[in-house]
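Below is one structure, written out as C-alpha cells; the observations come after it.
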Amino acid sequence: MRKRPVPSYKQVSPGFRKAPRFRNSLLSRFVLIVVIAMVLLPIVLPLTFLVSLAISSLLFHSPAKELVETDLPNYGSGIAIERMWHQEALALQGKSSADKDQVLQRVHEKYPEATLFWVDSDGRTQLKLPQASEVPEYWSTEKVVAYMKQALDSDPFTTVAIIGGGEQPTDEGFMVLELPRKYMNHTPSSNNNESRFYGMYFFMVIFGLFLLLAYWFFRDIQKRLRLLEFGMTVTGKDGLPARIIEGRPDEIGRLEQAFNHMVDALHDSRRKEQEEEALRKNLISNLSHDLRTPLTVLGGQLYSFRKEPLSPAGKETLELMEGKINDLGGLIDHLLSYNLLTSGRYSMKLEELDVLRIVRMSAAAWYPLWEKAGMEIHIELPEEPLIWRIDEQGFRRVLDNLFQNTIRHARSGGYIGISVLHGEAGKTALVITDHGPGMSAESPAKGAGLGLQVVDLLLREMGLVRQAVYENGTRVVISHDIINMGR
C-alpha cells in the first residue's frame, strides 16, 4: 500500500513566509541568555573580590597618609603580637615579680612605642612601661570590665593575657600590652567597615541584571501571547476577529501571521457569503415579480373559461387549476415577505392594539371557509381587551397563514379552536387548536414550510414567539415569552 505524500509547507500555506532563521527564533534568544549566564559566572566571581578590594582601598586608605607614615616602624599584625603576648604570659606561670618585670622590660625594648603593665592578684599595678603612662594604680572589677569594653577594637591595639595562661583570672594577675595601630599591619576587624565584602553588591547587581534580562524575555513572550488571545476572543461589529499587529519574525510572529491569514480568509468568506445572499435575494425578488404577470394572465383566462359551458369534469379541473394558481400566488407572497424580512426591509408600524379584536375580525373572514371544509368552530375569547404592541397588517398575515394551515393540513380533524391561555406571572397567550394529524404527518398540501418561517420572522419583529405542541392535534401558542402550556 502506497503512503500518501505529505504536503510541503509551501503547499499547505503558500502565503506564509519561510521558517525563521535560527538567529531570529525564540530558541536563539533563550540560548543567548543561557550562554551569557555561563560565561559571566566564572568571570563575575573573581571580579567581585577585585571590586571589593578596590572599593575598600579607595574608601579606607589615604594615599597622603601612607606617604607620610612610610618611615614609621611596622611591628606586624595584631594576631602575631597577641600570640606572642599570650606565650610570654604562659611562660611566667609561677615566676617571681622580678621575672615578670624583666619580661615586660624585654618586650618593651622590642616594642618601644608600646605601653606595658602588669597587675597582681590584689588588683595593684606592679610595673608600667613607660613610667609616665596613665595607668591606674589600683584595679577594681568595675574598672577591669570598663577597660576591656573600651579597648575592644579601638586604637591603640590592646591585648590582655592572664599570667600563667587560661581564660579565668589566677592568683598571679594579668598583663596588658597597648600599641598604636599605626605601627601595625592593617588587619580588618569584625566591626570595621573595611571588613565588608563590597564585591557581594557587585555580584548582586550582575545577578539582578541577568534576572531582568530573563524577565524581559519571558515578559515579551507573555505580552505577545496575550495580544494574540485578545485578538482571538474579541470580535468586531461583523462578529469576526480583527487583524493584529505582527511582531518579530520568530515563532510567535509566524503564529500572528497565521492568525491574520485566517482573519483575512474569514472576512473574504463573509464578503462572498453576503454577495451570494444579496444575489439570492435579488433573484427571488425578480423571479417573484416576473411570475406574477403570467399568473395574473392565467387567472384572467380561467375566469373567462367559467363563462363557457363546461362539463362537470371540466369544472372540477378548472377549480383545481384555480386552486393551484392561488397556491402559487401565496408562495410568491411568502417568498417576497421572507426576502424582505431577512434583509431588514419589511416595513412595520408597531402600535398598542387590542389583539382579540384583530383575531375576531380575521376569524370572521375565515368562518365561511371553515364551514365549507366541514370543521367544527369553537371560539372562546374574553371580553376584556388584550393589548400588545404589534403591527396590525403583519399580525393579520400571521393569523391568515395559521388559519390557512388548519384547512390545508388539519381538515381531517374537523375542528378548530381559538382561545386565550393565562400562564404564570400574569402571562397571557393566544392559542389556536386543531385535531388534525399534526405538522409532522404527511400531507398532499405540505410544502417547504416557508409560510411558518414567515410567521416566525413576523412574530420576532413584533417581540412575540410561537410554540407548537403536537398531541391529539396541534396547539399553536403565541405569546411574548415561552410559557408552560401544560397538558
Are L350 and M462 packed together at the side-chain level, in the sense that at least one heavy-atom pair is separated by less than 4.5 angstrom? yes
Within the supplied structure, the quantity of interest is the number of heavy atoms (other residues, nucleotides, ligands) at a distance under 6.0 Å from I245 CD1; does it exceed 12? no
Taking CE in M148 as the centre, count heavy atoms belonging to other residues, nucleotides or ligands within less than 6.0 Å. Is the count above 12? no
Does any non-hydrogen side-chain atom of V431 lie less than 4.5 Å from one of V420? no
Check whether any side-chain N or O of D354 sits under 3.5 Å from a backbone N or O of L386 as a donor-acceptor pair, and report yes or no. yes
Return yes when atom CE of M232 has more than 12 non-hydrogen atoms of other residues, nucleotides or ligands closer than 6.0 Å, and no otherwise. yes
Just by distance, do the side chain of S154 and the backbone of Q150 share a donor-acceptor pair under 3.5 Å? yes
Can you give me the closest heavy-atom contact between L266 and L240, atom names plus distance? O-CD1, 3.8 Å
Would you check if I432 and F403 make a side-chain contact, meaning some heavy-atom pair closer than 4.5 Å? yes
I want to check something: taking the side chain as every heavy atom from C-beta on, are E392 and R357 in contact at a cut-off of under 4.5 Å? yes
All heavy atoms of Y415 vs all of M375, minimum pair found to be O-CE, 3.5 Å
Cationic N near anionic O, under 4.0 Å, D268 to R271: yes
Say you draw a straight line from CD of Q467 to CG of L421; how long is it, rounded to the nearest 0.5 Å? 9.5 Å
Nearest 0.5 angstrom please: I358 CD1 to R396 CZ, how far? 6.0 Å
Geometric class of the W388/H480 ring pair [parallel <30°, tilted 30-60°, perpendicular >60°]: perpendicular
Where the side chain of S479 meets the backbone of V477, is there a donor-acceptor pair that is under 3.5 Å apart? no
Measuring from atom CH2 of W370 to atom CD1 of I407, what distance do you get when rounded to the nearest 0.5 angstrom? 7.5 Å
Check E256 with R224, please: is the shortest side-chain N to carboxylate O separation under 4.0 Å? yes
Exactly one of D391, L464, I390, V398 should register a side chain to side chain contact (heavy atoms under 4.5 Å, CB included) with L458. Which one does? V398
Under 3.5 Å, side chain of S362 to main-chain N/O of V359, donor-acceptor pair present? no
Is T474 reaching over with its side chain to a backbone N or O of Y470, donor-acceptor style, under 3.5 angstrom? no
Side-chain heavy-atom pair L228, L255 within 4.5 angstrom cut-off: yes
Side chain to side chain contact (heavy atoms under 4.5 Å, CB included), that's the test. Do F395 and V355 meet it? Break it down for me. CA-CA 9 Å; F395 197 78; V355 175; 3.5 Å; yes
I need the I387 CD1 to L356 CG distance, nearest 0.5 Å. 8.5 Å
Over all heavy atoms of both residues, which pair between I379 and A363 is shortest? Give the atoms and the distance, please. CD1-CB, 3.9 Å
For S419 and L430, which heavy atoms make the closest approach, and how far apart are they? O-CD1, 3.5 Å
For side chain to side chain contact (heavy atoms under 4.5 Å, CB included), just list the numbers for E380 and H378, CA-CA rounded to whole Å, side-chain angles, deciding distance to a tenth of an Å, and then say yes or no. CA-CA 7 Å; E380 185 178 358; H378 184 263; 3.4 Å; yes
Using a distance-only test with no angle check, is there a side-chain donor-acceptor pair under 3.5 angstrom linking R219 and Q222? yes
Can you tell me how far apart CE (M262) and CD (Q257) are? Round to the nearest 0.5 Å. 13.0 Å
Which atoms form the tightest heavy-atom contact between P368 and A365, and what is the distance? CD-O, 3.6 Å
When rounded to the nearest 0.5 angstrom, what is the spacing between OG1 in T159 and CD1 in I79? 11.5 Å
So, are R466 and D456 salt-bridged, with charged N and O less than 4.0 Å apart? yes
Have D400 and W366 got a donor and an acceptor in their side chains that come within less than 3.5 Å? yes
Above 12 or not: heavy atoms from other molecules or residues under 6.0 Å from CD of E351? yes
Side chain to side chain contact (heavy atoms under 4.5 Å, CB included) evaluation trace for N401 with L452: CA-CA 8 Å; N401 286 346; L452 289 179; over 6 Å; no
May I have the step-by-step check of side chain to side chain contact (heavy atoms under 4.5 Å, CB included) for V263 and F259, ending in yes or no? CA-CA 6 Å; V263 171; F259 175 77; 3.7 Å; yes
